[in-house]
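These notes are about the structure you will find just below.
Residue numbers start from 1 in every chain, and the chains themselves are labelled A, B, ... in the order their sequence lines are given, proteins ahead of strands. Computation of the quantities below employed the complete heavy-atom set of this structure, encompassing side-chain atoms and omitting hydrogens, waters and symmetry-equivalent molecules.
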2 protein chains.
Amino acid sequence: MKIVSNNFANVAHGCRCVLGAGAMGMNYPLQSMSRTPTPRRRATLASLAAELKVSRTTVSNAYNRPDQLSAELRERVLSTAKRLGYPGPDPVARSLRTRRAGAVGLIITEPLNYSFSDPAALDFVAGLAESCEAVGQGLLLVAVGPNRSVSDGSAAVLAAGVDGFVIYSASDDDPYLPVVLQRHLPVVVVDQPRDVPGTSRVGIDDRAAMRALAEHVLDLGHREIGLLTMRLGRDWPHGGPGPALADPERVRTPDFHVQSERIAGVRDAMAAAGLDPNSLTVVESYEHLPTSGGAGADVALDANPRITALMCTADVLALSAMDRLRARGVYVPGQMTVTGFDGVPEALSRGLTTVRQPSIEKGRRAGELLHSPPRSGLPVVEVLDTEVVRGRTSGPPA
Amino acid sequence: MKIVSNNFANVAHGCRCVLGAGAMGMNYPLQSMSRTPTPRRRATLASLAAELKVSRTTVSNAYNRPDQLSAELRERVLSTAKRLGYPGPDPVARSLRTRRAGAVGLIITEPLNYSFSDPAALDFVAGLAESCEAVGQGLLLVAVGPNRSVSDGSAAVLAAGVDGFVIYSASDDDPYLPVVLQRHLPVVVVDQPRDVPGTSRVGIDDRAAMRALAEHVLDLGHREIGLLTMRLGRDWPHGGPGPALADPERVRTPDFHVQSERIAGVRDAMAAAGLDPNSLTVVESYEHLPTSGGAGADVALDANPRITALMCTADVLALSAMDRLRARGVYVPGQMTVTGFDGVPEALSRGLTTVRQPSIEKGRRAGELLHSPPRSGLPVVEVLDTEVVRGRTSGPPA
DNA sequence: CTGAAAGCGCTAACAG
DNA sequence: CTGTTAGCGCTTTCAG
């Protein structure tokens with residue numbers, strides 16, 4: 001009566017039944033074994049249709065177009081589905097047929113533990129997740145972390161079952177960029193790199209924002225400024241893993257646009273104030289450690305003890321720098337002005353002078369751009385607003 | 001010369017060409033237009049094979065079994081693939097055929113912005129992501145947030161193209177639990193609920209850990225204890241959205257095992273010390289706000305002003321409570337002992353007396369259990385170690 | 001080393 | 001409202 005698969009023996013030892021299909025196996029809980037005729041193999045839409053003696057279309061309709069069949073028939077379909085343990089149409093097969101995966105891929109090349117320790121990055125992910133959720137899309141974290149080789153990571157990109165990608169803050173020469181592009185799927189870039197052909201981008205005006213902040217600092221009377229930033233290039237030409245002075249040449253040819261734009265903003269303000277932009281002491285950090293800012297502050301003050309203001313390209317750097325300064329007995333803002341960038345909650349609550357950027361909104365817009373691309377089909381660049389927050393960590397130089 | 005898709009007018013203003021295939025469109029960057037004969041439609045393995053005049057098997061082998069064909073042929077395949085803009089085998093089609101999706105689904109019912117604001121939850125996700133990355137699996141955040149109806153969320157669970165699920169700290173009656181089980185895929189539960197048939201679980205001994213911590217508090221001499229916890233049930237029978245006193249009945253019949261186990265741990269210690277466990281003042285919070293702990297502290301001290309120790313089931317609650325106490329002019333630990341749970345970095349750096357649990361390891365083990373299930377095929381329960389951390393927030397009562 | 005045949009499980013026209 | 005017909009793009013025996 002029942003048609004039996006020829007590929008699988010009917011395994012039925014003990015309390016559960018393991019049908020081998022793939023490495024992971026599938027668990028049939030106890031109940032389904034005693035209650036129902038154990039299915040020889042996983043139920044499918046076709047087997048359900050056969051059981052019901054209706055066509056596959058009808059079963060499919062029962063799930064996807066309830067209005068296309070009578071309520072009773074639908075009920076009958078659904079209940080025998082339950083009896084057979086049929087979980088509904090297979091997502092993968094459906095995806096193949098409908099040509100939509102129901103998920104967007106998120107590419108973050110930075111170590112996840114970093115991204116997860118920077119509230120600004122997290123806010124971005126939360127915003128993206130929110131917009132995906134709103135349209136019922138899943139969010140796939142693609143396995144491209146630094147623990148894997150680039151070729152493994154590329155394989156993951158190539159193997160991701162997604163309808164599009166979001167690239168979060170990658171360097172100009174990120175090795176996964178071409179791989180992502182190769183998929184010919186819609187792509188939205190967040191922050192950097194700029195000018196990826198055919199892809200939309202959402203970001204902020206880093207240069208203008210940082211310039212406004214620097215003007216505030218200069219207005220207060222500061223003339224010797226130190227700047228702490230994350231690494232400017234994918235490479236790391238310095239000795240140890242700790243923060244290091246960046247020479248002008250390196251500042252001029254960055255892989256990470258965002259960082260260099262922010263530096264450029266400071267230099268703009270300095271030039272406008274009649275200062276030599278090259279007098280800016282730039283220190284870059286390679287690792288994203290909770291103490292990176294503090295270590296960077298040490299390097300900067302070592303290189304130029306006359307610094308009276310420390311500007312940082314991220315709040316996390318600034319907060320760490322503040323902790324370090326306190327430990328060194330340097331009073332903020334009395335003896336040292338410190339500024340950040342991002343406007344994360346802890347920074348705001350600690351009164352940091354900083355630039356607030358809408359990180360959540362960034363994620364949300366990136367998602368929306370993917371879910372409903374602009375009518376024109378042309379890539380767009382969305383520049384979100386920022387705001388200088390004058391806190392309690394900036395004041396006139398001593 | 002140029003061949004144009006028949007569904008869409010040939011859009012070619014400015015810099016790019018849009019070929020329509022699916023709602024989202026595919027972007028062909030400028031180069032591919034001028035360089036190569038624009039493909040009528042997306043290249044497939046079959047079309048590549050036809051172009052090369054070899055069989056599909058051969059092309060497939062070029063990608064999946066390099067040793068099955070000559071290096072030259074393989075090179076030829078790969079290069080014409082590049083020329084045609086063929087991104088390699090379609091992940092979805094491959095998944096259908098191989099019966100493996102290459103991703104695990106993560107089910108978090110709590111609002112994502114909460115999970116993303118609790119470092120312990122984040123650590124868990126980071127650990128899970130790490131273990132997935134190690135085996136090249138993607139991590140799919142399934143869209144089941146509180147912004148969507150349960151039926152939408154269920155659809156997302158049913159539609160997730162994954163090889164297994166991780167359920168993070170759900171209530172006993174979480175509506176997505178049965179839906180997940182229905183998929184007949186491997187499932188690993190983290191923390192709660194317990195005893196899901198046929199699924200492995202990883203967690204800690206919440207009761208024993210909390211009991212040990214409570215013993216420390218009692219040893220210090222405290223007799224009147226307040227306990228701050230997250231909500232005990234999926235429902236919220238109290239008036240406003242703020243924290244509220246939980247009556248013994250509600251403490252006894254919880255939906256969230258973890259919370260009630262931790263409470264039970266405190267009661268165990270109290271009973272052992274000769275105190276009436278029912279004298280414990282329990283306050284539960286519904287929302288996961290940064291200020292929830294503080295508000296809870298207010299409620300607890302209001303209900304029982306003689307409280308000298310405030311035990312919290314999460315560090316985030318305890319830290320918030322400490323902030324609130326300071327604002328009220330209550331000195332910790334001089335006038336009030338405060339304890340937490342989790343051992344998140346901020347808590348440790350602020351000297352909170354707490355229980356450290358290995359959140360990252362939890363995520364890692366959950367992933368590993370999914371990726372390489374126990375040989376026996378039987379579900380396992382992994383109980384990870386915890387450790388009481390005596391900090392600077394606990395001392396003898398005033 | 002290469003090719004032919006046979007689906008994986010499903011949905012989308014289009015007829016009845 | 002229901003069934004028939006065609007694939008979606010790929011991998012995998014199994015023969016040459």
Side-chain angles (χ1 to χ4, degrees), chain A residues 3 5-8 19-22 26 39 41-77 81 84 86-102 158-159 161 163 183-185, chain B residues 7 21-22 39 41-77 81 84 86-102 158-159 161 163 183-184:
Chain A
I3 298 165
S5 150
N6 48 3
N7 293 322
F8 294 85
L19 295 184
M26 301 173 294
R41 58 181 303 161
R42 165 183 236 101
T44 72
L45 188 143
S47 70
L48 222 191
E51 176 84 18
L52 284 161
K53 300 198 202 309
V54 300
S55 81
R56 306 202 299 276
T57 308
T58 300
V59 178
S60 176
N61 282 339
Y63 284 97
N64 303 316
R65 300 181 164 157
D67 54 313
Q68 295 294 295
L69 71 173
S70 67
E72 310 85 87
L73 179 51
R74 184 173 132 88
E75 204 33 67
R76 202 156 67 85
V77 172
L84 261 53
Y86 176 65
D90 180 290
V92 174
R94 167 186 278 162
S95 287
L96 175 57
R97 185 61 239 233
T98 62
R99 309 272 45 192
R100 60 182 68 248
L158 258 10
D163 298 318
R183 289 284 304 267
H184 296 307
L185 290 173
Chain B
N7 294 320
R41 56 183 306 163
R42 159 181 241 105
T44 72
L45 188 144
S47 70
L48 221 192
E51 176 85 18
L52 284 160
K53 301 198 200 311
V54 299
S55 81
R56 306 202 300 274
T57 309
T58 300
V59 178
S60 177
N61 282 339
Y63 284 97
N64 303 315
R65 300 182 166 163
D67 53 313
Q68 294 296 294
L69 71 175
S70 68
E72 311 86 85
L73 179 51
R74 183 172 132 87
E75 204 33 67
R76 203 156 66 85
V77 172
L84 262 51
Y86 176 64
D90 179 290
V92 173
R94 165 186 280 161
S95 287
L96 175 58
R97 185 62 240 238
T98 60
R99 308 274 41 188
R100 61 182 67 247
L158 258 10
D163 297 318
R183 290 283 302 266
H184 296 306

Are B:Ser60 and D:dT11 close enough that a side-chain N or O sits under 4.0 Å from OP1 or OP2? yes
Nearest heavy-atom pair of A:Ala159 and B:Pro91: which atoms, and what distance? O-CB, 3.3 Å
Please state how far atom CG in B:Asn64 lies from atom C1' in D:dG9, giving the value in whole angstrom units. 13 Å
How close do B:Ser95 and B:Ala101 get, heavy atom to heavy atom, and via which atoms? OG-CA, 3.7 Å
Applying the side chain to side chain contact (heavy atoms under 4.5 Å, CB included) test to A:Leu45, which of A:Thr58, A:Thr57, A:Asp90, A:Val59 qualifies? A:Val59
May I have the distance from B:Leu96 (atom CG) to D:dT12 (atom P), rounded to whole angstrom? 12 Å
For B:Asp90 and C:dC8, what is the distance between atoms CG and C1' respectively, to the nearest whole Å? 13 Å
Correct closest heavy-atom pair for B:Arg76 and B:Leu52 would be NH1-CD2, 3.7 Å
Rounded to the Å, how far apart are B:Glu72 CD and C:dC1 C1'? 12 Å
Nearest to the side chain of A:Arg94, which nucleotide is it out of C:dT11, C:dC8, D:dT11? C:dT11
Out of D:dC8, D:dC10, C:dC8, which nucleotide sits closest to the side chain of B:Leu45? D:dC10
So which atom in A:Arg183 and which in B:Arg42 form the shortest heavy-atom distance, rounded to 0.1 Å? O-NH2, 3.3 Å
Could you list the protein-to-nucleotides 2-6 of chain D atom pairs, N/O on both sides, closer than 3.5 Å?
| residue | atom | partner | partner atom | Å |
| --- | --- | --- | --- | --- |
| D:dG3 | OP2 | A:Ser55 | N | 2.9 |
| D:dG3 | OP2 | A:Thr58 | OG1 | 3.0 |
| D:dT4 | O4 | A:Thr57 | OG1 | 2.6 |
| D:dA6 | N6 | A:Arg56 | NH2 | 3.0 |

Just to be sure I understand the rule, does A:Tyr86 reach a base, reach only the sugar-phosphate, or reach nothing, if contact means heavy atoms closer than 4.0 Å? sugar-phosphate
Does A:Arg74 reach a base, just sugar-phosphate, or nothing at all? Heavy atoms under 4.0 Å. nothing
Result for side chain to side chain contact (heavy atoms under 4.5 Å, CB included) between B:Arg94 and one of B:Thr98, B:Leu96, B:Val92 points to B:Thr98
Among C:dA12, C:dG9, D:dC10, the one nearest B:Pro89 by side-chain distance: D:dC10
Nearest whole Å is fine: how far is D:dT11 P from B:Arg100 CZ? 13 Å
Here the distance between atom C1' of C:dT11 and atom CZ of A:Arg99, to the nearest Å, is 13 Å
Tightest non-hydrogen contact, residues A:Ala43 and A:Leu84, listed as CB-O, 4.1 Å
Just the rounded figure in Å: distance from C1' of D:dC8 to CZ of B:Arg42. 12 Å
d(CZ, A:Arg65; P, C:dT11) in whole Å: 9 Å
